[in-house]
Participant: 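Right, I'll just put the structure down here and ask away after.
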Amino acid sequence: MVSTVRVRFAPSPTGYLHVGGARTALYNWLFARHENGVFILRIEDTDVERSTDESVTTILESLRWLGLDWDEGPEVGGPAGPYRQAERLTLYQEHARKLLDDGKAYYCTCTPEELEARRKAALAAGTSPRYDGRCRKRGNDLSGVGGRGAAVRLLVRDEGSIEIADLVHGPIRFERADLDDFILLRSDGMPTYNFAVVIDDVLMDITHVIRGDDHISNTPRQIMLYEAMGLPVPHFAHIPMILGSDRSRLSKRHGATSVLAYQQMGYLPEAVVNYLVRLGWSHGDQEIFSQEELVKHFSIEKVGKTPAVFDPVKLEWLNGQYIKHVAPDRLTALLRPLWEAAGVSQQELFQRDEAWLHRVACLFQERARTVTELASSSRFVFDGKIERDKAVALKVLSSEAKARLRALLPEIEALPTFTAATLESLFRMRAEALGLKLVDLAQPFRVGLSGKSVSPPIFPIMELMGWEAARRRVEEVLEEEG
RNA sequence: GUCCCCAUCGUCUAGCCGGCCCAGGACGCGGCCCUUUCAAGGCUGAAACACGGGUUCGAAUCCCGUUGGGGACGCCA
């Protein structure tokens with residue numbers, strides 16, 4: 001029988017979900033969906049000092065925004081729950097007890113201060129800061145310790161080696177002699193990361209552990225735990241990290257790293273997903289993938305070994321590609337709050353009908369790279385005060401240009417119908433009659449209407465604005481001095 | 001200091017069980033076309049196998065070393 005693939009994403013709720021974590025989640029999710037397996041979300045909140053509920057909320061929200069739904073985990077439950085480690089403490093303690101009784105682990109009464117001092121001394125002496133095993137003799141016997149707290153350490157034999165059969169890196173070998181007796185349970189009874197992970201992965205029947213490269217050095221310790229408990233080891237896949245432009249670990253100083261920050265900046269979740277998946281994975285020459293295509297083509301074997309530099313410029317390009325194809329109703333829904341933020345009054349947004357808003361969105365969507373940018377560039381089509389670029393006005397609105405604008409107004413007024421088509425043919429005729437290019441008439445008009453030198457084609461814009469509003473705008477610049 | 005990982009254009013990458021590669025695609029950058037501006041689109045240009053040794057008739061592709069980068073060495077995760 002072929003057992004079902006079960007993978008997990010296990011963030012610690014000590015902050016927002018950053019793009020590195022998001023990609024790890026994405027790879028796990030894609031692997032699960034591709035294999036028809038189960039994607040589990042587990043919250044690793046054993047660090048009570050730093051874990052917060054707000055952080056849990058943000059992480060769930062980020063995953064949902066990206067479209068990464070989990071089959072088991074917080075809010076959806078599942079047979080292997082609870083899915084927050086803080087609610088699983090007795091499980092860890094039971095397993096630690098068993099390891100203690102089997103002689104696989106022992107109590108350690110060294111204090112954190114003592115350990116820190118020894119670690120520093122070792123580093124200063126240029127030797128490896130490993131725990132020296134001085135409490136091994138104590139075994140599971142806590143007598144004579146008094147009120148002093150005791151941590152539990154795994155007993156690690158010194159001989160032999162451990163090999164990780166890594167799905168992306170191939171075999172990776174560690175010598176046991178380089179590893180030390182690490183802590184399983186802290187003196188306050190809380191499990192450490194390495195211990196909780198293994199217990200949970202066992203209890204949740206995880207078949208594939210897909211996580212960042214930075215966990216490679218934890219893996220041999222975790223394998224030793226599986227061995228100590230006599231349990232089968234899952235498959236491991238360590239995916240390369242995401243770096244900043246200077247090739248160091250990606251952090252805030254490299255720009256936005258929070259997934260939700262990209263939502264706020266007007267990025268589409270499918271663009272972010274598409275960008276992240278290509279950081280370390282590829283499928284021939286294809287750059288743009290639908291979610292279905294990703295699920296169909298994704299494979300862990302095709303994940304590269306090289307760390308990738310996060311490139312916001314390419315993300316922006318991809319977002320632009322996606323924006324071009326967003327359906328008008330969805331785009332308009334995204335735009336409403338952003339238009340408002342850009343200064344369009346609530347009242348006007350309410351008065352305009354949906355079809356009109358769609359037409360505005362469609363006119364601008366081809367040339368916007370973010371939804372936010374789309375909102376601000378299309379703002380002038382609405383009624384109300386607009387920003388005028390002084391330098392542009394000075395350059396484009398010469399006295400001849402203004403004279404031409406003035407001459408055109410009554411002709412437009414006389415048009416039987418006020419549409420993009422009739423406007424365009426009028427402008428073309430006038431340009432030809434004057435021995436000018438269309439641009440010579442259109443550009444002053446554009447500046448008059450929008451205040452800027454760039455915009456979508458002005459004729460459909462004028463149709464959308466309506467003659468009254470358009471004329472008011474143009475008269476505004478005609479009345480100015482100069 | 002010890003251990004581990006990685007190494008193709010500025011960036012993401014294809015190729016990597018050897019010849020099809022004087023290395024392909026994408027972003028960005030330059031040019032041209034299209035064009036009412038700007039985008040978009042089309043065409044096009046510059047741009048890389050880190051270095052040194054092997055193995056081989058033949059290496060980006062295999063092996064070793066060097067260098068460079070990254071990660072880990074917590075009663076953090």
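Computed from a predicted model, the values in this text were never measured in an experiment. Chain identifiers are assigned alphabetically (A, B, ...) following the order of the sequence lines, protein sequences preceding nucleic acid strands; residue numbering begins at 1 within each chain. What you see below is based on every heavy atom in this structure, not just the backbone, and it leaves out hydrogens, waters and symmetry mates.
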Participant: A:Val309 has a side chain; which of B:C75, B:U11, B:G25 sits nearest to it?
Facilitator: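 My answer, after comparing the listed nucleotides, is B:U11.
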
Participant: Go through the side-chain N and O atoms of A:Asp200 and A:Tyr83 and say whether any donor and acceptor fall under 3.5 Å apart.
Facilitator: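 Their side chains do not contain a donor-acceptor pair, so the 3.5 Å distance test is not met.
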
Participant: From CG of A:Leu179 over to C1' of B:G74, roughly how many Å is that when rounded to an integer?
Facilitator: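 The distance from CG of A:Leu179 to C1' of B:G74 comes to 15 Å, rounded to the nearest Å.
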
Participant: Using the C1' atom as the point on both nucleotides, what is the distance between B:C17 and B:U56, in whole Å?
Facilitator: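 That atom pair is separated by 16 Å.
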
Participant: Have a look at A:Met241 and say if it touches a base, only the backbone sugar-phosphate, or nothing, with a 4.0 Å heavy-atom cut-off.
Facilitator: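 Sugar-phosphate contact only - A:Met241 comes under 4.0 Å of backbone atoms but never of a base.
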
Participant: Heavy atoms under 4.0 Å, any strand shown: does A:Gly280 hit a base, just sugar-phosphate, or nothing?
Facilitator: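 Sugar-phosphate, no base atom in range.
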
Participant: Could you run through nucleotides 31-43 of chain B and give me one letter per nucleotide, 5' to 3': B if any protein heavy atom sits under 4.0 Å from the base, S if only the sugar-phosphate is that close, - if neither?
Facilitator: -----BBBBSS--

Participant: Atom CD1 of A:Ile183 to atom C1' of B:C75: distance rounded to whole Å?
Facilitator: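 Rounded to the whole Å, the gap is 4 Å.
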
Participant: Do A:Asn218 and B:A77 share a donor-acceptor pair, side chain to base, under 3.5 Å?
Facilitator: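 In this structure, the two groups form a donor-acceptor pair.
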
Participant: Donor-acceptor pairs under 3.5 Å, side chain of residues 432-443 of chain A to any protein atom, not counting sequence neighbours: which ones?
Facilitator:
{"from": "A:Asp440", "atom 1": "OD2", "to": "A:Lys437", "atom 2": "N", "distance (Å)": "3.0"}
{"from": "A:Gln443", "atom 1": "OE1", "to": "A:Arg446", "atom 2": "NH1", "distance (Å)": "2.7"}
{"from": "A:Gln443", "atom 1": "NE2", "to": "A:Ser453", "atom 2": "O", "distance (Å)": "3.0"}

Participant: Just how far, in rounded Å, is C1' of B:A72 from OH of A:Tyr131?
Facilitator: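 Going from A:Tyr131 (OH) to B:A72 (C1'), I get 21 Å.
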
Participant: Using Watson-Crick or G-U wobble geometry with both distances under 3.5 Å, which nucleotide pairs with B:C29?
Facilitator: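 Pairing partner, where one exists within any strand: B:G45.
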
Participant: Please give the distance between the C1' atoms of B:C4 and B:C43 as a whole number of Å.
Facilitator: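 Roughly 48 Å separates the two C1' atoms.
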
Participant: Atom CD of A:Glu316 to atom P of B:C29: distance rounded to whole Å?
Facilitator: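 Taking atom P of B:C29 as the reference, CD of A:Glu316 is at 11 Å.
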
Participant: Do side-chain atoms of A:Thr372 reach the backbone of A:Met265 as a donor and acceptor pair under 3.5 angstrom?
Facilitator: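 At least one qualifying donor-acceptor pair exists.
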
Participant: Can you give one letter per nucleotide of nucleotides 1-10 of chain B, going 5' to 3': B for a protein heavy atom under 4.0 Å from the base, S for sugar-phosphate only, - for none?
Facilitator: B-SSSSS---

Participant: When all nucleic acid strands are considered with a 4.0 Å heavy-atom cut-off, which category describes A:His238: base, sugar-phosphate, or nothing?
Facilitator: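 The residue A:His238 makes no contact with any strand.
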
Participant: Strictly below 4.0 Å, heavy-atom distances to any atom of RNA chain B: list the hits from residues 243-258 of chain A, or just say none.
Facilitator: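 Listed by number, they are A:Arg247, A:Arg249.
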
Participant: Looking at every strand, decide which applies to A:Ser187 at a 4.0 Å heavy-atom threshold: base, sugar-phosphate, or nothing.
Facilitator: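 Touches a base.
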
Participant: Can you check the distance between B:A60 and B:G74, where both ends of the measurement are the P atom (answer in whole Å)?
Facilitator: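 My reading of the P atoms in B:A60 and B:G74 gives 43 Å.
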
Participant: Can you see which heavy atom on A:Pro220 is nearest to which on A:Leu179, and at what distance?
Facilitator: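 Nearest heavy atoms, A:Pro220 then A:Leu179: CB-CD2, 3.9 Å.
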
Participant: Mind checking the C1' distance from B:A46 to B:C32? Whole angstroms is fine.
Facilitator: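 Here B:A46 and B:C32 have their C1' atoms 15 Å from each other.
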
Participant: Salt bridge (Lys or Arg N to Asp or Glu O under 4.0 Å) with A:Asp181: which of A:Arg176, A:Arg153, A:Arg130, A:Arg136?
Facilitator: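 Of all the options given, the one that passes is A:Arg136.
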
Participant: To the nearest Å, give me how far apart CD1 (A:Ile242) and P (B:U11) are.
Facilitator: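 After rounding, the reported distance stands at 16 Å.
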
Participant: For A:His169 and A:His238, indicate whether the former's side chain and the latter's backbone hold a donor-acceptor pair under 3.5 Å.
Facilitator: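 It does hold such a pair.
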
Participant: In this structure, how many angstroms lie between the P atom of B:A26 and the CZ atom of A:Phe289, rounded?
Facilitator: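 Rounded to whole Å, this separation is 14 Å.
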
Participant: Pairing check on B:G1: which nucleotide meets the Watson-Crick or G-U wobble criteria with it, both distances under 3.5 Å?
Facilitator: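 Base partner found: B:C73.
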
Participant: Going by the salt bridge (charged side-chain N to carboxylate O under 4.0 Å, His left out) test, which pairs reach into residues 447-463 of chain A, not counting sequence neighbours?
Facilitator: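 Qualifying pairs: A:Arg359-A:Glu463.
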
Participant: Using atom C1' of each nucleotide, how far apart are B:C6 and B:U66 to the nearest Å?
Facilitator: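 After rounding to an integer number of Å, I get 15 Å for this pair.
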
Participant: Identify all pairs in which a protein N or O lies below 3.5 Å from an N or O of nucleotides 46-49 of chain B, and state each distance.
Facilitator:
none

Participant: Taking donor-acceptor contacts at under 3.5 Å, does the side chain of A:Glu287 reach the base of B:G25?
Facilitator: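 Check passes, donor-acceptor contact within cut-off.
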
Participant: Return the nucleotide paired to B:C62: Watson-Crick means purine N1 to pyrimidine N3 with N6-O4 or O6-N4, wobble means G-U with N1-O2 and O6-N3, both under 3.5 Å.
Facilitator: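 Base partner found: B:G54.
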
Participant: Please determine, for the side chain of A:Arg221, which listed nucleotide (B:C12, B:A77, B:C73) has the closest atom?
Facilitator: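 Closest nucleotide among those given: B:C73.
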
Participant: Can the ring centroids of A:Phe31 and A:His208 be said to lie less than 6.0 angstrom from one another?
Facilitator: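 Yes, the ring of A:Phe31 comes within the 6.0 Å limit of the ring of A:His208, centre to centre.
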
Participant: Any side-chain donor-acceptor pair under 3.5 Å between A:Arg221 and A:Thr192?
Facilitator: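 No, A:Thr192 and A:Arg221 have no side-chain donor paired with an acceptor closer than 3.5 Å.
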
Participant: Is the A:Tyr322-A:Tyr267 ring centre distance short of 6.0 angstrom?
Facilitator: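 For A:Tyr322 and A:Tyr267, the ring centres are not under 6.0 Å apart.
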
Participant: Rounding to an integer number of angstrom, what distance separates B:G24 and B:C49 when you compare their P atoms?
Facilitator: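 Straight-line distance between the two P atoms is 13 Å.
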
Participant: Pick the C1' atom in B:A40 and in B:A23, then give their distance to the nearest Å.
Facilitator: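 30 Å, rounded to whole Å.
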
Participant: Kindly say whether A:His18 contributes a backbone atom to a donor-acceptor pair with the side chain of A:Thr257 at under 3.5 angstrom?
Facilitator: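 No: the side chain of A:Thr257 does not pair with the backbone of A:His18.
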
Participant: In whole Å, what separates the P atom of B:A14 from that of B:G71?
Facilitator: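 Their P atoms lie roughly 22 Å apart.
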
Participant: Tell me the interatomic distance from A:Arg186, atom CZ, to B:C76, atom C1', rounded to whole angstroms.
Facilitator: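 My rounded result for the distance is 7 Å.
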
Participant: Taking atom C1' of B:A72 as reference, at what distance in whole Å does atom CG of A:Asn194 sit?
Facilitator: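 Value for this atom pair: 11 Å.
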
Participant: Can you confirm whether the side chains of A:Tyr193 and A:Asn218 place a donor and an acceptor under 3.5 Å from each other?
Facilitator: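 No pair is found: no donor N or O on one side chain lies under 3.5 Å from an acceptor on the other.
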
Participant: Just checking A:Lys302: base, sugar-phosphate only, or nothing, at a heavy-atom cut-off of under 4.0 Å?
Facilitator: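 Sugar-phosphate, backbone atoms only, no base.
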
Participant: Show your reasoning for whether side chain to side chain contact (heavy atoms under 4.5 Å, CB included) applies to A:Arg330 and A:Leu268.
Facilitator: CA-CA 11 Å; A:Arg330 179 177 166 212; A:Leu268 265 16; 4.0 Å; yes

Participant: Identify, with sequence neighbours excluded, every residue that meets side chain to side chain donor-acceptor pair (under 3.5 Å) alongside A:Lys314.
Facilitator: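 In terms of side chain to side chain donor-acceptor pair (under 3.5 Å), with neighbours along the sequence ignored, A:Lys314 is linked to A:Glu287.
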
Participant: Starting at the 5' end of RNA chain B, which residue's closest nucleotide do you reach first, A:Tyr275 or A:Tyr193?
Facilitator: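 Nearest-nucleotide comparison on RNA chain B picks A:Tyr275.
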
Participant: Under 6.0 Å between ring centres, would you say that holds for A:Phe298 and A:Tyr27?
Facilitator: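 Yes - the distance between ring centres of A:Phe298 and A:Tyr27 falls below the 6.0 Å cut-off.
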
Participant: Please name all residues satisfying side chain to side chain donor-acceptor pair (under 3.5 Å) with A:Asp214, sequence neighbours left out, ordered by chain then number.
Facilitator: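 Per chain and number, A:Asp214 pairs via side chain to side chain donor-acceptor pair (under 3.5 Å) with A:Arg249.
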
Participant: With sequence neighbours excluded, tell me which residues meet side chain to side chain contact (heavy atoms under 4.5 Å, CB included) with A:Glu293.
Facilitator: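 A:Glu293: side chain to side chain contact (heavy atoms under 4.5 Å, CB included) contacts with A:Gln286, A:Phe289, A:Ser290, A:His297.
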
Participant: Please identify each residue that fulfils side chain to side chain contact (heavy atoms under 4.5 Å, CB included) with A:Glu387, with sequence neighbours left out.
Facilitator: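 A:Glu387: no side chain to side chain contact (heavy atoms under 4.5 Å, CB included) contacts found.
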
Participant: Run the side chain to side chain contact (heavy atoms under 4.5 Å, CB included) test against A:Lys98 and tell me which residues pass, sequence neighbours left out.
Facilitator: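 Once residues adjacent in sequence are excluded, the partners of A:Lys98 under the side chain to side chain contact (heavy atoms under 4.5 Å, CB included) criterion are A:Asp102.
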
Participant: Going by purine N1 to pyrimidine N3 plus the second Watson-Crick contact, or the G-U wobble pair, all under 3.5 Å, which nucleotide sits opposite B:U67?
Facilitator: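 Checking every strand shown, B:U67 finds its partner in B:A7, with both distances under 3.5 Å.
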
Participant: Can you sort out which residues in residues 45-54 of chain A have a heavy atom within less than 4.0 Å of RNA chain B? Ascending by number, please.
Facilitator: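 A:Thr46, A:Asp47, A:Arg50, in order of number.
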
Participant: Could you check whether A:Leu185 gets within reach of a base, just the sugar-phosphate, or nothing at all, counting any heavy atom under 4.0 Å?
Facilitator: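 Contact class for A:Leu185: none.
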
